[in-house]
Amino acid sequence: MRAEALAELHAACFTTPRPWNEAEFRDLMRGPGTFLLNENRGFLLGRVIAGEAELLTLAVDPKARRDGTGRALVERFAQEAEALGAESAFLEVSAENDAARALYAATGWKESGRRKGYYRSPEGDRIDALVLTLPLARATS
């Protein structure tokens with residue numbers, strides 16, 4: 001997917017945190033250790049640096065939600081991160097994003113911290129981010 005298409009889908013999925021623009025996607029994808037996964041009508045952007053993976057963002061077309069696309073992307077992320085040498089993974093998710101939190105819980109992610117007021121809603125409200133972690137199989141072998 002091109003940066004323009006990523007930004008367009010991201011904008012259809014997010015208000016908090018704010019959607020990323022085309023330039024931000026382009027810059028992130030040029031960074032070391034960054035990888036993009038596509039699945040059906042969704043994508044996941046991740047990166048691996050120094051043995052740690054970060055799930056940067058996950059977006060699934062609102063019309064395609066609850067069809068397994070998000071779960072498939074999260075599971076592929078863990079496989080790809082491990083193949084790239086990661087022993088653990090982390091992500092940040094809005095404390096108010098119940099659907100994403102349920103998906104991550106169902107795929108083995110555990111809350112390990114909270115960043116108070118990390119996100120700002122379009123109305124200016126501060127929203128906590130939950131930090132979730134996932135040990136990868138490589139770490140236990």
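Along the sequence shown, residues carry numbers from 1.
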State plainly whether one hydrophobic cluster holds both Phe77 and Leu132, where clusters connect Ile, Leu, Val, Met, Phe, Trp and Tyr through side-chain heavy atoms under 4.5 angstrom apart. yes

Please say yes or no: joined through hydrophobic side-chain contacts below 4.5 Å, possibly via intermediate residues, are Phe35 and Phe90 part of one cluster? no

Between Arg47 and Glu52, does any side-chain N to carboxylate O distance fall below 4.0 Å? no

Which atom names give the shortest non-hydrogen contact between Asp128 and Lys116, and what distance separates them? OD1-CA, 3.2 Å

CG-CG distance between Leu45 and Leu6, expressed to the nearest 0.5 angstrom: 7.5 Å

Leu136 to Ala81 - nearest heavy-atom pair and separation: CD1-CB, 4.0 Å

Could you give the distance from CZ (Phe43) to CG (Leu36), rounded to the nearest 0.5 Å? 7.5 Å

Between the CG atom in Leu37 and the CD atom in Glu75, the distance rounded to the nearest 0.5 Å is 12.0 Å

Identify whether Val74 and Leu56 are in the same connected component of the hydrophobic contact network (ILVMFWY, side-chain heavy atoms under 4.5 Å). no

Let me confirm one number: the CZ-OG1 distance from Phe25 to Thr34, rounded to the nearest 0.5 Å. 11.5 Å

For the CZ atom on Arg66, are there more than 12 heavy atoms of other groups (residues, nucleotides or ligands in this structure) within a distance under 6.0 Å? no

Sequence neighbours left out, what passes side chain to side chain donor-acceptor pair (under 3.5 Å) with Thr16? Give chain and number order. none

Of all heavy-atom pairs linking Ala7 and Asn21, the shortest is CB-C, 3.7 Å

hydrophobic_cluster_shared for Met29 and Met1, side chain cutoff 4.5 Å: yes

Quick one: do Leu84 and Leu73 end up in the same hydrophobic cluster if we chain Ile, Leu, Val, Met, Phe, Trp and Tyr together by side-chain heavy atoms under 4.5 Å apart? yes

Are any non-hydrogen side-chain atoms of Arg101 and Leu130 less than 4.5 angstrom apart? yes

If only atom types and distance count, is the side chain of Arg114 paired as donor or acceptor with the main-chain N or O of Val131 below 3.5 Å? no

Got a second to check how far Arg120's CZ is from Arg18's CZ, nearest 0.5 Å? 12.5 Å

Test side chain to side chain contact (heavy atoms under 4.5 Å, CB included) applied to Leu103 and Arg71, step by step: CA-CA 7 Å; Leu103 168 64; Arg71 184 180 189 101; 3.9 Å; yes

What I want to check is whether the side chains of Glu96 and Ser94 have a donor and an acceptor closer together than 3.5 Å. no

Can you tell me how far apart CG (Asp67) and CD (Glu39) are? Round to the nearest 0.5 Å. 9.0 Å

Give the table of side-chain donor-acceptor pairs shorter than 3.5 Å for residues 8-15, with sequence neighbours excluded, one pair per line with atom names and distance.
residue, atom, partner, partner atom, Å
His10, ND1, Trp20, N, 2.9
His10, NE2, Thr57, OG1, 2.7

Shortest non-hydrogen separation from Leu134 to Ala78 and the atoms involved: CD2-CB, 4.1 Å

Output the rest of the hydrophobic cluster of Tyr119: all Ile, Leu, Val, Met, Phe, Trp and Tyr residues reachable through side-chain heavy-atom contacts under 4.5 Å, sorted by chain and number. Tyr118, Ile127

